[in-house]
Amino acid sequence: MSAEVQAENTGAGSPFDLTRLGLVFVVLLVGVTAYFIYWAFGYTEGHFPTILVLATLFGVFMAFNIGGNDVANSFGTSVGAGTLTIQQALAIAAIFEVSGAVIAGGSVTDTIRDGIVDLSRIAVEPADFIYIMMSALIAAALWLMFASNRGWPVSTTHSIVGAIVGSSITLGILSSGSDTAFSLVQWGKVGQIVISWVLSPALGGIIAYFLFREIKKHVLAYNEAAEQKLEEIRQEKREHARRHKEAFERLSEIQQISYTHTMARDAHIMADRDFEPEDLESDYFRGLQKFERQRKELHPHRAIESFVPPIAAVGAMVIAGMLLSKGLGNLKLDLSLLQDGLILAMVGAIVWIAVYVFARALKERQLGRATFLLFSWMQVFTAAGFAFSHGSNDIANAIGPFAAILDVLRTGNVGQNAPVPTIAMVTFGVALIAGLWFIGKNVIQTVGHNLTTIHPASGFSAELSASAVVLLASILGLPVSSTHILIGSVLGIGLVNNYTNWNLMKPIAFAWVVTLPVAAVLAAIGFVALRAVF
C-alpha cells in the first residue's frame, strides 16, 4: 500500500487536522460538553462549580484519549486491512461505541475501580476523594495521550487503575504514613495485572495463530492454487483463439463465410444454458466448451462456499456470546444457560446460511475479489460487535471516576457506588469518537500496518481471536486486557505470515510494563497539586 493511500486511510496529517469533519467534531464536542456542564450545575445544585467544571474537562479529556488509543487499537486491523477507511471506522465507532456506552454502560458504577484500593482503612474526606479521582483522570489521560502520540497501544484500564493507586497511596502517606498507605492497595489485584502482561497477548496470539493458519491453508492457499489453474485455462483459451484465428485466415472466402455461419449458430446454441456439447459444430466453440468444463470441474469457489460459512457461524456465536456476557452484562437480562445457548445457536445458524448464500452469489466474481468481499463483510461485523462491547465496558475507565466525583458533589458523601446520568454517557461517548478522529491515527498505523501485514482474512482472524479470548476470560474470570489481547492476535498473524516487526513490539511491551507506575506517579503529583490549589 502506498504512503499516500495509508495516509488517506489513517487520516494522517497534522495531529489536529481541522478538515470539515474535524471542525464538526470540535463544535460537537465543545457543544455537548458545555451543555453537560450547564446540566450538571443543576444536578449538583451548584456545589463547588470550579471543581465541577475542572472535573468535567478532566473526564472528557480522559474519554478523548481512550478514543485515541483504545478505540483506535480496536479498529486498527479493519483500517489496516483496507476493509474500512478511517471515516467508515469513525461511523461504526460512533454508532456502536456510543450505543454500547448508553444502552449497556450501566446505570451505576463502582466508585473505586475494580476494588484495587480499600479506602475504608483511613478516614477520607469527600474533597480528598474528589482529588483522588480527578488526579487519576488527568494522569491516565496524559499517559494515554503520550502513548497515542508514539503509536503505542496501551491498556486504558491499567492506566486508570495505576492512577487511582498512585493518588490513593499519596493520600495515605499524607494522612497516616507510608505503612498504612501501602496497605490500602489490593496487591493481589496488582499481581493479576502483572500476569495479564503475559497472559493476554499469549492467549490472543495462540488462538489467532491457529485460526489464521487454518484459514490460510484451507481457503487462501486453495484459492491461490485455483487462481493459478484458472490462469492456465485462460492462457490456453487465448492460445486456442490465436490458433483458430490463424486457421480461419488460411480458409478461402467461401469457406470463411460458411464457417462464420457455423460459429453464429454455435453462439446462438451456447446462449441457451440447456444446450448439449454435441450440438456444437465448430472446433472453436467446442474448444471453449471444453475449457468451461475444466473451469467448472476445478470448483474454484469451493473453499469460500464450504469452509468460510462455518467459520463465520462460529465467529458470530463468539461475538454474540461476548455481547451477552460483556456488552449487555450490565442490563441484568438474567438469561439461563439454556437460553444463552439457544440464542447463540440461532445466531450461528442464521449467519451460516447467510454467508453460504452470499458466497454462492459471488460465483461470477473473480475469486480473489470474492474472497476479499466475504472476509471484509465478516470483519465489519466483528469490528462492530467488538466496538459495542468496548463501549459498554471500557468507557467506565473515564465515566467511573467521574461519576464518583459527580455523586460526591451532589450528595456531599462518599458512597460505594454512583449513578451514571445518561447525558454523561453521551458526552463521554462523543469525546471517545473525537479522540479516535484527532489522535488515533498513529495507533491505527501501528496495529494495522507496522506490526505486520493485515488483509481482511487476517484482520478478521485477529478480531475474532481477540473476541474469543475476551469471552473466555470473562467466563473463567482471568485477568486480561483487551488491548494486549488484540496486539497478541496481530503478532500471531505475523507469525503465520513470517513477518512480525519485533523491533516495534519492544517499546510497546515496555509501555505496557510502565503504564501502571507512570500513571501512579503522575496521579500522585496531580493529587498533591490539586490539594495545594483547592
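Crowding of F48 atom CZ: a count of heavy atoms from other residues, nucleotides or ligands under 6.0 Å not exceeding 12.
Remark: aromatic rings of W39 and Y43 are close, center separation under 6.0 Å. The aromatic ring centroids of F402 and F428 lie less than 6.0 Å from each other.
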Applying side chain to side chain donor-acceptor pair (under 3.5 Å), run through N69 and T156 and close with a yes or a no.
CA-CA 8 Å; N69 197 285; T156 57; over 6 Å; no
Just do the side-chain contact (heavy atoms from CB on, under 4.5 Å) check on L171 and F129 with the steps written out, would you?
CA-CA 9 Å; L171 172 62; F129 182 83; over 6 Å; no
Could you go through the side-chain contact (heavy atoms from CB on, under 4.5 Å) check for V380 and S78 one step at a time?
CA-CA 7 Å; V380 167; S78 299; over 6 Å; no
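With T83 contributing its side chain and V79 its backbone, the two residues share no donor-acceptor pair below 3.5 Å. A distance-only check finds no donor-acceptor pair linking the side chain of S196 to the backbone of L199 [under 3.5 Å]. No donor-acceptor distance shorter than 3.5 angstrom exists from the side chain of E463 to the backbone of F460, with no hydrogens or angles considered.
For the residue pair S148 and N442, no side-chain donor N or O sits within less than 3.5 Å of a side-chain acceptor on the partner. Side-chain contact check for W143 and T515: at least one donor-acceptor pair (N or O, by modelled atom type) lies under 3.5 Å.
Using bins of under 30°, 30° to 60° and over 60° for the plane-to-plane angle, the ring pair F61/F64 lands in the parallel bin.
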